Structure formats: C-alpha cells, structure tokens
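For reference, the structure is listed below as structure tokens.
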Amino acid sequence: MGTQDAITLHAMGAEAYRAGRLAEAAALIEQAIAADGRMPDFHYNLGIVLKAQGKLRDAAASYQRAIALKPDYGDAHNNLGSVWKALGQTDKARASFEEALRCRPGHAGSHYNLGIICAGSGDAQRAASHFRHCLDADPDDSHGARILLAQLGVGPAPLQTPPAHLLKLYGARAQFWDTEIYFGARLVADALQAHAARDVLDILDIGCGTGLLGAIVRPLAARLDGVDLSPAMLEKAIAKGVYDGLYQGELAGFLSGRPRGYDAILGAATLIHFGDLTPIFQAAAAGLRDRGLFIFTLFPTVAGTDDFAVAANPGLAQSGCFAHSPGYVRRVAAASGFAVEALEDVIHEHDPDGNPVPGLLNVLRAP
Ligand SMILES: C[S@@+](CC[C@H](N)C(=O)[O-])C[C@H]1O[C@@H](n2cnc3c(N)ncnc32)[C@H](O)[C@@H]1O
C-alpha cells in the first residue's frame with residue numbers, strides 16, 4: 001500500500017467518525033497509519049477518535065506522535081492538553097495549552113482552555129485575563145467566555161447563550177447527545193401526557209435538538225413541529241422522521257411568526273440557555289391557543305435566592321447554562337398571563353461522573 005491508499009483510508013476513517021462509527025473510524029485510520037506513518041494529521045485524527053472512545057491514554061500517545069512529526073502543531077498541543085485535563089493531570093494540561101498558545105499566539109481556544117485551568121485552581125485574575133483574550137479573538141463568543149466572566153463576577157451576563165456558542169457546543173455534542181444520561185425530554189413528555197385535556201394536539205418543540213422529545217410525544221400530535229438553531233442537532237432530528245416540520249433558527253423569531261399556532265409548546269432543556277425569561281414567556285403566550293400548555297425544564301438557582309443567574313455549577317456554566325428560581329418563574333408566568341399547574345424539583349440528568357443534576361419541571365397553562 002502507498003500514500004494514496006493511506007489518504008483514502010484516512011478519509012474513510014474521518015467519514016466513519018462523522019457518522020459516529022467510532023470503532024470503524026479508529027480501525028481505518030490505524031490502517032492508514034500502517035500504510036504511511038509520516039502524516040501528522042493521521043495521528044492527530046486518530047487521537048480525536050480515541051478520545052471520543054474514552055481511550056484517553058491512547059489518545060495522548062497519538063497526539064504526541066503527531067507533535068513529534070510536527071512540533072509546532074498547535075491543534076495537537078491543544079487537544080493533548082484537553083486529554084491531560086480529562087486524565088486529571090492539570091500541570092501537563094497547562095503546559096500543553098501554553099505550548100499551543102506559543103504555536104498560535106492569541107488563539108481563542110487555547111486562551112479559553114487556560115482560563116478554565118486557572119479558574120479551577122482558584123486563580124480568578126489570570127482566568128479572567130485568558131477569557132478576555134479569548135473574547136478579543138472570538139468576538140461572537142463561540143466559546144462562551146462572557147458567561148464565564150460573569151460567573152467569576154467580573155462582567156455582565158449575556159441575556160442568553162450567544163448563538164455562536166450554541167452552534168459550536170451542539171455542533172460537537174450532536175453526535176453523542178442521544179447517548180447521554182439525560183431525563184429532560186422524558187420529564188416534559190410525561191408532563192404533557194398528564195396535563196393535556198385532549199389526545200390530539202398541535203405541538204411545537206422549541207430547541208428540539210436531535211428529536212428525543214418529538215419521538216416520545218409523536219403519538220399525541222396531530223401536527224408536530226420542531227425549531228432549533230443547531231444544524232447538527234437538526235440533522236439527527238430529521239433522521240428520526242417524527243416531525244411534520246423542522247425549522248432552523250432562533251426560537252423567539254420563529255414563535256413570533258406563528259400567533260396562536262399551537263396547543264402545546266414544549267422545551268426540554270432549552271430555556272436553560274436564557275437568562276431573563278420574560279421575552280420567551282411572552283412569545284410562548286402569543287404562540288399558544290386558549291388553554292394551551294407551556295411545559296419546559298430549567299436548572300434551579302442555588303438556594304433559590306437569585307431570580308436567575310449563570311449556572312453556579314462550573315460544568316453547566318461552561319455549557320452556556322443559566323439557573324432560575326421557582327419564585328421568579330411564578331412571577332414571570334403571572335405577568336405573561338400563565339397559570340402555574342406544576343413546578344417540581346426533578347433529577348434532570350447525570351453529570352459525567354454519574355452524579356444527579358437537579359432540575360425544575362414547569363407546567364404552565366395559557367388562559
Ligand atoms: C440541551 S439541548 C436539548 C435538546 C432537546 N430539547 C432534548 O431534550 O434533547 C438544547 C437545544 O436548544 C437549542 N437552543 C437553545 N437556545 C436556542 C435558541 N435561542 N433558538 C433555537 N434553538 C435554541 C440548542 O441548539 C439545543 O439543540
């Protein structure tokens with residue numbers, strides 16, 4: 001086999017990775033490396049696949065091989081840092097991220113990663129400096145640096161997760177979303193079943209993602225629409241084949257174009273990406289017919305004191321999430337004309353270490 005075969009095998013491996021066939025992807029890229037081991041990108045991409053498979057030490061070894069072939073390979077240094085971080089080797093992670101930054105001065109992703117490391121070790125000042133550099137290089141804030149500056153108490157929180165951050169976050173998570181230990185969609189679907197007065201409804205799934213919720217509520221729907229900003233998530237929803245209409249876009253704008261269009265508006269883990277809920281409650285009120293249901297999940301604020309805030313949990317904050325208090329939900333619901341039918345503490349999901357993450361399940365009724 002020659003270099004051309006190696007390039008073909010590598011391309012097939014990359015395609016298998018994009019389709020989520022990780023074992024096949026690893027096998028194909030390993031064959032490519034066996035055919036020609038001099039290509040830094042092959043080792044780099046094998047590192048990505050091995051990391052996705054949870055084989056962190058093997059992934060580190062692949063990135064190190066890529067770096068041995070191309071010492072100024074900034075992306076490889078950066079990804080190696082992420083693997084060391086996942087292995088709990090913070091000093092090595094910091095060194096790799098710093099090396100990545102030396103290869104590509106001002107790089108937003110490496111500043112972001114160093115900011116997270118500094119915040120985790122209690123160096124808030126240096127963390128804030130890295131997050132600010134990240135924003136300088138990435139003004140659309142695809143990394144979510146503004147939310148983290150707000151969490152550090154050194155900047156105002158954005159009104160909602162910036163679209164660029166949502167696109168990046170869910171572009172990466174779409175492939176694995178359906179395998180996460182997450183109960184939000186089931187909680188919303190069960191609440192709809194419990195509170196709906198009729199069997200057949202026109203339903204809108206806001207922030208429908210990969211269609212987990214749509215797949216459960218389809219039997220209750222005369223018409224089922226979904227809207228989401230993320231093309232990667234929508235691609236998975238399309239593949240499920242359960243929606244009558246799927247739309248890509250900002251959900252407030254979508255709702256404003258469909259007054260009194262639905263009997264139920266559902267949002268599983270969608271409004272976690274909004275700070276002030278007033279505009280979205282008003283949009284939902286306008287989008288519902290008489291006695292329509294608005295059912296969604298949120299994360300609760302710590303001790304329920306603040307109306308809403310950037311999530312205190314560092315993992316959730318890095319995912320661009322906000323938290324809300326039940327009292328705040330009740331006030332905004334009343335001001336938007338909704339009656340509260342239920343507001344329950346629930347287990348929303350498990351974090352990567354298997355710990356339960358609390359949520360709030362909200363069932364509101366239009367007049
Ligand atoms: C945590 S995921 C939940 C997906 C789905 N509801 C489920 O339960 O599996 C949140 C989804 O909301 C979408 N989203 C968040 N804010 C949005 C906005 N302002 N407009 C449209 N989609 C949004 C994201 O793109 C993402 O797919």
Side-chain angles (χ1 to χ4, degrees), residues 140-142 144 147 158-192 203-218 224-240 242-243 245-258 264-284 287 294-299 311 313 315-324 346-351 357 359-362:
D140 289 343
D141 199 12
S142 72
I147 283 187
L159 297 177
Q160 64 186 81
T161 314
H165 188 205
L166 289 173
L167 290 173
K168 183 179 178 71
L169 196 63
Y170 290 105
R173 289 181 84 175
Q175 197 176 345
F176 308 107
W177 182 257
D178 287 5
T179 63
E180 295 192 16
I181 304 177
Y182 157 72
F183 313 116
R186 168 58 64 187
L187 288 162
V188 169
D190 287 352
L192 177 66
I203 298 174
L204 173 64
D205 183 1
I206 51 172
C208 61
T210 62
L212 286 178
L213 176 56
I216 314 175
V217 301
R218 177 71 255 186
L224 176 61
D225 288 338
V227 55
D228 202 289
L229 205 64
S230 164
M233 295 291 266
L234 280 170
E235 200 182 305
K236 303 276 175 191
I238 291 166
K240 289 199 175 68
V242 296
Y243 291 88
L246 278 170
Y247 305 88
Q248 198 243 320
E250 170 63 43
L251 59 92
F254 178 86
L255 272 168
S256 70
R258 283 162 179 77
I265 296 177
L266 311 179
T270 300
L271 302 195
I272 58 174
H273 289 301
F274 290 76
D276 182 2
L277 295 175
T278 305
I280 203 71
F281 274 31
Q282 287 173 349
F294 184 28
I295 306 179
F296 53 92
T297 60
L298 296 169
F299 293 123
N313 174 325
L316 295 179
Q318 286 162 33
S319 297
C321 295
F322 294 80
H324 301 83
V346 292
I347 302 295
H348 195 264
E349 61 202 63
H350 285 180
D351 71 15
V357 177
L360 272 183
L361 174 64
N362 308 267

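Keep in mind that this is a model prediction, so the values were computed, not measured. Order of appearance sets the numbers: ligands from 1, and atoms from 1 within every ligand. As a basis for the values below, the full set of heavy atoms in this structure was taken, side chains included, without hydrogen atoms, waters or symmetry mates.
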Ligand 1 N/O within reach of Y170 N/O, cut-off under 3.5 Å: no
I need the atoms of ligand 1 closer than 4.0 Å to a non-hydrogen atom of A269, numbered in the order shown. 1 (C), 2 (S), 3 (C), 10 (C)
Below 4.0 Å, non-hydrogen atoms only: which portion of E250 touches ligand 1? Side chain, backbone, both or neither. both
With the side chain counted from C-beta on, respond yes when D141 and H165 share a heavy-atom pair under 4.5 Å apart, and no when they do not. no
Are any of the N/O atoms on L166, whether in the backbone or the side chain, positioned under 3.5 angstrom from an N/O atom of ligand 1? no
So is L251 polar-close to ligand 1, meaning N/O to N/O under 3.5 Å? yes
For ligand 1, indicate whether the residue D228 contacts it via side chain, backbone, both or neither (heavy-atom separation under 4.0 Å). both
Determine yes or no for a side-chain-to-main-chain donor-acceptor pair under 3.5 angstrom, with K240 supplying the side chain and T210 the backbone. yes
Modelled atom types, side-chain donor and acceptor of S230 and D228, under 3.5 Å: no
Under-4.0 Å heavy-atom contact with ligand 1, by part of C208 that carries it: backbone
Do Y170 and H273 have ring centres separated by under 6.0 Å? yes
Does some non-hydrogen atom of Q160 fall short of 4.0 Å from ligand 1? yes
Given H348, which partner from the list T297, L360, L298, L361 fulfils the side-chain contact (heavy atoms from CB on, under 4.5 Å) test? T297
Do the ring planes of F254 and Y247 sit parallel (below 30°), tilted (30 to 60°) or perpendicular (above 60°)? tilted
Shortest non-hydrogen contact between P162 and D140, atoms and distance: CB-O, 3.9 Å
Is the shortest distance from a heavy atom of F254 to ligand 1 less than 4.0 Å? no
From A268, G184, G249, G207 - option closest to atom 21 (C) of ligand 1 by heavy atom: G249
